[in-house]
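Before any comments, here is the structure.
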Amino acid sequence: FVLTQGSPRWEDTHLTYRIENYTPDLSRAAVDHAIEKAFQLWSSVSPLTFTKVSESQADIMISFVRGDHRDNSPFDGPGGNLAHAFQPGPHIGGDIHFDEDERWTNNFRDYNLYRVAAHELGHSLGLAHSTDIGALMYPNYIFSGDVQLSQDDISGIQAIYGPSQNPTQPIGPQTPQVCDSKLTFDAITTIRGELMFFKDRFYMRTNPFYPEAELNFISVFWPHLPNGLQAAYEVADRDEVRFFKGNKYWAVKGQDVLYGYPKYIYRSFGFPRTVKNIDAAVSDEDTGKTYFFVANKCWRYDEYKQSMDAGYPKMIAEDFPGIGSKVDAVFQKDGFFYFFHGKRQYKFDTKTKRILTLQKANSWFNC
Amino acid sequence: SHSFPAATSETQEQDVETVQKYLENYYNLKNDAKQVERQRNNDPVVEKLKQMQKFFGLKVTGKPDAETLNVMKQPRCGVPDMAQ
């Protein structure tokens, strides 16, 4: 996180705010609600309190304006610059301006007012932009479905105003660091010749334009997939990737989630209802056999016959000796299976049933 | 073949303008005349571009490559990334 230069702050932590005018894109109640939720985010992690007033000057004045609105920072029409806010201080200090040339929404569509208001409020309280892509104070607009303060945001506001008064100190999600040697994964899959690694709300992939690996929100590609995916695999000859969470799964083709999903794993693959979720999955392109890993067992599904093979489930150790009794994630590349468990990665030859190498989980990133 | 170079230079002109405007708005690139003079010698656009690429975790090349332009075209907050 970054504090605004000069570390401006509100000396009185009981602040007032006033919504001077309303966008026609939403009902007044929806605007009031979005702004109120944004204030609640920050008051819940700090000693700050906010009171809405309807008359006269408030500490934080909120308005919807377009183009040049005489604050020396003109807006630029649709897109681009969405809103701005001023650091703590008298008069224009703390004020928030939303660009009325944008379409303001209270859902996934661009641009979600609650999400932008939460960011701008960070400026009104003394925060500058963060380089943490998982932080609300990151400069670019990314809407990942839910609006929550990351640990970076919480640390930032508490650096200015101290901790919140509630007994249990709130904590926020941390953004994975691709070169953290303790990095573990929720799921990994090939996708159209690339590798995609999943952790919490994020995907990671190697990309020639990034010095390490690219990390961004899963919602950038698939806005309606849930966070915290548990398994994923590609059926290459159908150009389909399947994502699993709990007893449901989604199928995507490129960035499109296929119609009729999510479906239940019981109906589609024939799992017993005792199976509550899948830990990992991989489809062997050479044989059309898909392996599902559930706790210390594995199941084998025939993609052509579209049914489970007889004789399964088996203990993982029977088909894949040496990789341990739990799998976090697995993918196939150049005929080999790569198994991940915790910080470890096993390169496995399915023909000889032997482990070829043992590596760190994040060995695929240029650390 | 005649139209192809025009399209490229037009795109490039747009990109140059995108870079210039973005760095003026968010990285304090000055756009005064003197600045243009100095650009002949040490190019502040390259320095500011490197600052932006570092901020966004991109490869720090000082050149407006595709990924850098892609980040610049994303909707964002109007507050500068570097203190004024």
Side-chain angles (χ1 to χ4, degrees), chain A residues 2-8 71-76 78-87 96-99 102 110-111 115-124 127-133 136-143 175 177-178 207-216 220 366, chain B residues 8 10-36 43-84:
Chain A
V2 178
L3 305 189
T4 300
Q5 191 179 26
S7 301
D71 67 356
N72 198 25
S73 303
F75 282 135
D76 53 359
N81 182 341
L82 305 179
H84 56 227
F86 295 85
Q87 65 187 53
I96 300 175
H97 300 160
F98 295 99
D99 185 352
E102 313 303 345
D110 293 343
Y111 297 96
R115 172 65 181 80
V116 177
H119 173 100
E120 296 308 332
L121 204 37
H123 290 312
S124 306
L127 289 177
H129 284 148
S130 170
T131 56
D132 178 344
I133 197 167
L136 278 187
M137 293 314 293
Y138 188 70
N140 288 4
Y141 176 85
I142 306 173
F143 184 64
T175 304
Q177 302 302 313
V178 294
N207 178 323
F209 288 103
Y210 286 74
E212 292 162 351
E214 175 190 338
L215 177 145
N216 209 326
V220 162
N366 320 315
Chain B
T8 312
E10 195 178 292
T11 313
Q12 273 173 351
E13 252 165 54
Q14 271 171 9
D15 289 345
V16 167
E17 196 180 318
T18 299
V19 170
Q20 181 81 18
K21 198 129 192 63
Y22 190 91
L23 296 178
E24 285 170 11
N25 284 342
Y26 306 116
Y27 286 82
N28 298 330
L29 176 68
K30 301 288 174 287
N31 63 355
D32 56 20
K34 284 191 299 310
Q35 197 64 48
V36 177
D43 188 346
V45 172
V46 171
E47 286 321 303
K48 298 294 186 183
L49 204 43
K50 286 181 177 177
Q51 266 183 24
M52 178 263 176
Q53 288 169 330
K54 184 168 185 291
F55 186 99
F56 284 97
L58 296 165
K59 202 165 274 184
V60 178
T61 62
K63 295 185 181 71
D65 51 49
E67 207 63 17
T68 300
L69 280 166
N70 175 45
V71 171
M72 285 183 167
K73 290 172 182 168
Q74 289 172 20
R76 57 161 290 156
C77 169
V79 173
D81 296 334
M82 290 296 146
Q84 297 279 5

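Chain identifiers are assigned alphabetically (A, B, ...) following the order of the sequence lines, protein sequences preceding nucleic acid strands; residue numbering begins at 1 within each chain.
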Please classify the contact between [X] and chain B as side chain, backbone, both or neither, with a heavy-atom cut-off of under 4.5 Å.
| X | result |
| --- | --- |
| A:Phe75 | neither |
| A:Glu120 | side chain |
| A:Tyr138 | side chain |
| A:Ser130 | backbone |

Flag the one option from B:Pro75, B:Gly78, B:Gly57 with the top tally of heavy-atom pairs under 4.5 Å to chain A.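 Top count of heavy-atom pairs under 4.5 Å with chain A: B:Pro75.
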
May I ask you to name which of B:Val79, B:Leu58, B:Asp81 has the most heavy-atom pairs under 4.5 Å with chain A? B:Val79

Find the distance between [atom1] ([X]) and [atom2] ([Y]) and round it off to the nearest 0.5 Å.
| X | Y | atom1 | atom2 | result |
| --- | --- | --- | --- | --- |
| A:Asn81 | B:Arg76 | CG | CZ | 8.0 Å |
| A:Asn140 | B:Cys77 | CG | SG | 10.0 Å |
| B:Lys54 | A:Thr131 | NZ | OG1 | 8.5 Å |

With sequence neighbours excluded, what pairs up with B:Phe55 under the ring pair (Phe, Tyr, Trp, His ring centres under 6.0 Å) test? none

Residues in side chain to side chain contact (heavy atoms under 4.5 Å, CB included) contact with B:Gln51, at least two apart in sequence or another chain: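 Result, side chain to side chain contact (heavy atoms under 4.5 Å, CB included) vs B:Gln51: B:Tyr27, B:Lys48, B:Met82.
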
Between A:Ala83, A:Ser73, A:Gly79, who has the most heavy-atom pairs with chain B when the cutoff is under 4.5 Å? A:Ala83

So which part of B:Val60 gets closer than 4.5 Å to some heavy atom of chain A, the side chain, the backbone, both or neither? neither

Should we say atom NZ of B:Lys59 is surrounded by more than 12 heavy atoms from elsewhere, each under 6.0 Å from it?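 Atom NZ in B:Lys59 is crowded, with more than 12 foreign heavy atoms closer than 6.0 Å.
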
Counting only heavy atoms not in B:Lys73, do more than 12 fall under 6.0 Å of its NZ? yes

